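Scroll down for the structure; my scribbles are underneath it.
What you see is a predicted model; the values in this text were computed from it and never measured. Labels below follow one simple rule: chain letters A, B, ... track the order of the sequence lines, proteins then strands, and each chain is numbered from 1.
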Amino acid sequence: MPLDYNHLTPSEAVAIQKELRQQLDLSPLQKEITTIGGADISFNKYSTTVYAGIVVLQFPSLQVVETKAVVDITEFPYIPGLLAFREVPALSKAWEALTTKPDVLVLDGHGIAHPRRMGIATHFGLVMQTPTIGCAKSVLAGKYTDPHKEPGSYTDLIHHNEVIAKVLRTKRNVKPVFVSPGNLISMQQSLDIILQCVRKYRIPEPTRFAHNFVNEERRKYMSEVGK
DNA sequence: GCGACAG
DNA sequence: ATCTTGTCGC
């Protein structure tokens, strides 16, 4: 049965995070990576309709092999620290619809770089029992010093004396991105994989493609129907 | 109590 | 996140 977090109160959501967290496994992924996925959500401001999508790419060539999108309704609001309760249900449906489950999935948001180590990538990885990586565009928790300006340089994002993410400069003269493991993968592997996914833009290809894809789906759906 | 705060 | 064209800067 599909996930339904719609009628949860924030404190109930936090309780679920603390429960799920006990199953977290950040040991190195043994399997060789042949495919990688990118997941994202798009929606119209003030609307509860969300468009969730996942793009599967060949790795390391990054050629797209499959795309899947679903339209869903989300009642849960955006609350910093509880993003997963708003987006994971819809993303799970897109995941189930995939013909090819990627070896690892990159989500638009944090993995363990979260106040309770339960960012959206970690949450999704625990619920779906699959390897995930979080790649966020801004920080939610922790402190860091700016990485050098050379592409590929990085520093540590630290929270309560723990390294919770790598602050990575993907391109010259752009803000860094925050890479952290979600579940079933290590911090070092997460960083290595994301580095191999950087091409011409600041955002690594998996999430960049997913972002473009869900936006296209949203506009297409709005013109076909009217909502 | 005050400030911060993924998408 | 989303609404949006041109434009300043490396």
Side-chain angles (χ1 to χ4, degrees), chain A residues 5-6 10-11 13-14 17 20-21 38-54 69 71-92 94 105-126 132-144 146 148-151 157-160 164-183 190 194 200-204 206-223 227:
Chain A
Y5 293 143
N6 286 323
S11 69
V14 170
Q17 291 184 322
L20 278 175
R21 180 182 171 178
D40 197 14
I41 293 280
S42 178
F43 56 88
N44 290 309
K45 199 174 182 179
Y46 308 129
S47 172
T48 53
T49 300
V50 297
Y51 304 79
I54 294 178
V71 181
D72 200 12
I73 300 294
T74 310
E75 307 280 349
F76 203 91
Y78 166 67
I79 298 174
L82 300 180
L83 175 65
F85 294 88
R86 174 177 173 72
E87 305 194 347
V88 169
L91 289 174
S92 304
L105 181 67
V106 183
L107 290 99
D108 196 357
H110 297 285
I112 62 169
H114 176 283
R116 292 172 293 282
R117 309 293 179 265
M118 282 295 298
I120 186 169
T122 299
H123 193 119
F124 186 97
L126 286 172
T132 55
I133 295 173
C135 184
K137 298 181 291 300
S138 62
V139 63
L140 171 63
K143 302 170 68 173
Y144 66 96
D146 279 308
H148 293 160
K149 63 181 182 180
E150 291 71 37
L157 175 62
I158 298 173
H159 184 62
H160 292 354
I164 58 173
K166 292 297 180 179
V167 184
L168 174 66
R169 184 87 66 190
T170 56
K171 308 296 289 187
R172 192 174 290 277
N173 298 320
V174 299
K175 293 158 53 64
V177 294
F178 304 80
V179 182
S180 60
N183 188 38
S190 299
I194 290 300
K200 195 181 178 190
Y201 305 88
R202 174 199 176 213
I203 305 300
T207 36
R208 194 176 73 80
F209 280 148
H211 190 271
N212 290 335
F213 174 54
V214 292
N215 269 319
E216 291 169 357
E217 288 298 307
R218 176 169 58 86
R219 286 157 184 155
K220 185 171 65 178
Y221 186 86
M222 289 193 293
S223 61
K227 189 169 186 182

With no hydrogens and no angle check, is any side-chain donor or acceptor of A/Thr48 less than 3.5 Å from a backbone partner on A/Ile73?
-> no
Counting any heavy atom closer than 4.0 Å, what does A/Gly134 reach on the DNA or RNA strands: base, sugar-phosphate only, or nothing?
-> nothing
side-chain hydrogen bond (donor to acceptor under 3.5 Å, both in side chains) against A/Lys137, all qualifying residues, sequence neighbours excluded = A/Asp108
For atom CZ of A/Phe43 and atom P of C/dT2, their distance in whole Å = 6 Å
First-last contacting nucleotides on DNA chain B - partner chain A, under 4.0 angstrom, heavy atom | B/dC5 to B/dG7
side-chain hydrogen bond (donor to acceptor under 3.5 Å, both in side chains) filter on A/Arg116, not counting sequence neighbours, yields A/Gln17
Writing each nucleotide of DNA chain C 5' to 3' as (, ), [, ], | or . by Watson-Crick or G-U pairing under 3.5 Å yields ..........
Just how far, in rounded Å, is P of C/dA1 from CG of A/Asp108?
-> 7 Å
Side-chain donor/acceptor of A/Ser180 to backbone N/O of A/Gly111, under 3.5 Å | yes
Please name all residues satisfying side-chain hydrogen bond (donor to acceptor under 3.5 Å, both in side chains) with A/Arg117, sequence neighbours left out, ordered by chain then number.
-> A/Glu162
Residues in salt bridge (Lys or Arg N to Asp or Glu O under 4.0 Å) with A/Arg86, at least two apart?
-> none
With sequence neighbours excluded, tell me which residues meet side-chain hydrogen bond (donor to acceptor under 3.5 Å, both in side chains) with A/Ser42.
-> A/Asn215, A/Arg218
Beyond-backbone contact of A/Glu216 with A/Lys220, side-chain heavy atoms, under 4.5 angstrom = no
At their closest point, which heavy atom of A/Ile112 faces which heavy atom of A/Ile164, and how far apart are they?
-> CG1-O, 3.4 Å
Please tell me if the side chains of A/Phe76 and A/Leu82 come closer than 4.5 Å, counting only heavy atoms from C-beta onward.
-> yes
Enumerate the protein-to-nucleotides 4-10 of chain C contacts in which both atoms are nitrogen or oxygen and the separation is below 3.5 Å.
from: C/dC10; atom 1: O3'; to: A/Asn173; atom 2: ND2; distance (Å): 2.8

Student check: side-chain heavy atoms of A/Ile120 and A/Glu87 closer than 4.5 Å | yes
Sequence-distant partners of A/Tyr5, side chain to side chain contact (heavy atoms under 4.5 Å, CB included), two or more places apart = A/Leu3, A/Leu8, A/Phe85, A/Pro89, A/His123, A/Val127
Can you list the residues that meet the side chain to side chain contact (heavy atoms under 4.5 Å, CB included) rule with A/Ala52, with sequence neighbours excluded?
-> A/Ile41, A/Val70, A/Ala90, A/Leu91
A/Thr170 and A/Arg202, any side-chain heavy atoms less than 4.5 Å apart | yes
DNA chain B stem ranges, 3 or more consecutive Watson-Crick or G-U pairs under 3.5 angstrom = none
Has the side chain of A/Arg169 got a donor or acceptor atom that lies under 3.5 Å from a matching backbone atom of A/Lys175?
-> no
Under 4.0 angstrom, heavy atoms only, what part of the nucleic acid is A/Leu82 near: base, sugar-phosphate, or nothing?
-> base
Interface with DNA chain C, restricted to residues 208-218 of chain A and to heavy atoms under 4.0 Å = A/His211, A/Asn215, A/Arg218
